[in-house]
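Some notes on the structure that comes next.
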Amino acid sequence: MKMKTKLLITLVFSVLLISCKKKPVTVPNAGIYNGMFTEYDSTGNPLAQGSFVLALFTHNSTYQLSGDSVNFSPPTHKGEWYTNNATTAVFSTAYSGYNPNYYLDTVYNYTFDNINFTLTQTIDGKIYEYVMVRD
């Protein structure tokens, strides 16, 4: 009898553990992300690079990017954002400057796993990439 009880308890706990597994988070969420911005030419050579901190807010769908103060790649700016689907996010800002492609102000492809967050886009053969890690 004791063996059947132990087996039943083990079975119940196994089912509970399996059913409680969390699904991976693949949609960007609120947080602070430290990262590196890089602009690449069409052959993959880096043209510009700079560090930044991105704060995403989900309660009002806004963001604040604190950019590289030395070379302004990317510059500090803020705006609004939302995810279009499981692979693209839309960013908009009222800011502009010497290189409008350095601002989060268009549709980006993204990957996200709740720790690592990457945004990429290609414009006129150049690749603009934001590689981040949750703080």
pair [X]-[Y]: side-chain heavy atoms closer than 4.5 Å:
X: Asn101; Y: Asp124; result: no
X: Tyr63; Y: Thr93; result: yes
X: Thr111; Y: Asn116; result: no

Could you check whether any side-chain N or O of [X] sits under 3.5 Å from a backbone N or O of [Y], counting only pairs where one atom can act as donor and the other as acceptor?
X: Thr118; Y: Val131; answer: no
X: Asn71; Y: Gln49; answer: yes
X: Trp81; Y: Thr62; answer: yes
X: Tyr130; Y: Pro74; answer: no

Might you point out which heavy atoms bring Asp113 and Ile115 nearest each other, and give the distance in Å? OD1-N, 2.9 Å
Between Gln64 and His77 the two heavy atoms that sit nearest each other are NE2-O, 3.5 Å
Ring centres under 6.0 angstrom apart (Phe37, Tyr102):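 Aromatic pair counts; centres sit under 6.0 Å.
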Please round to the nearest 0.5 Å and tell me the distance separating atom [atom1] of [X] and atom [atom2] of [Y].
X: Leu65; Y: Thr76; atom1: CG; atom2: OG1; answer: 6.5 Å
X: Arg134; Y: Asn34; atom1: CZ; atom2: CG; answer: 11.5 Å
X: Phe91; Y: Thr83; atom1: CZ; atom2: OG1; answer: 9.5 Å
X: Tyr128; Y: Thr38; atom1: OH; atom2: OG1; answer: 12.0 Å
X: Leu54; Y: Ile32; atom1: CG; atom2: CD1; answer: 8.0 Å
X: Glu129; Y: Gln121; atom1: CD; atom2: CD; answer: 11.5 Å

When hydrophobic residues are tied together by side-chain contacts of less than 4.5 Å, even through go-betweens, does [X] share a cluster with [Y]?
X: Leu56; Y: Met36; answer: no
X: Tyr110; Y: Tyr103; answer: no
X: Tyr33; Y: Val27; answer: yes
X: Tyr82; Y: Leu104; answer: no

The criterion is salt bridge (Lys or Arg N to Asp or Glu O under 4.0 Å); which residues satisfy it with Lys126, sequence neighbours excluded? Glu39
Enclosure of Asn60 CG (heavy-atom neighbours >12, cutoff 6.0 Å):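 Yes.
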Derivation and outcome, side-chain contact (heavy atoms from CB on, under 4.5 Å), residues Ser61 and Glu80: CA-CA 6 Å; Ser61 299; Glu80 297 178 344; 5.5 Å; no
Apply the hydrophobic cluster definition, ILVMFWY joined by side-chain contacts under 4.5 Å directly or through others, and give me every member besides Ile127.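 Members alongside Ile127: Tyr40.
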Go through Phe72 and Asn99 one step at a time and tell me if the side-chain contact (heavy atoms from CB on, under 4.5 Å) criterion holds. CA-CA 10 Å; Phe72 303 105; Asn99 189 337; over 6 Å; no
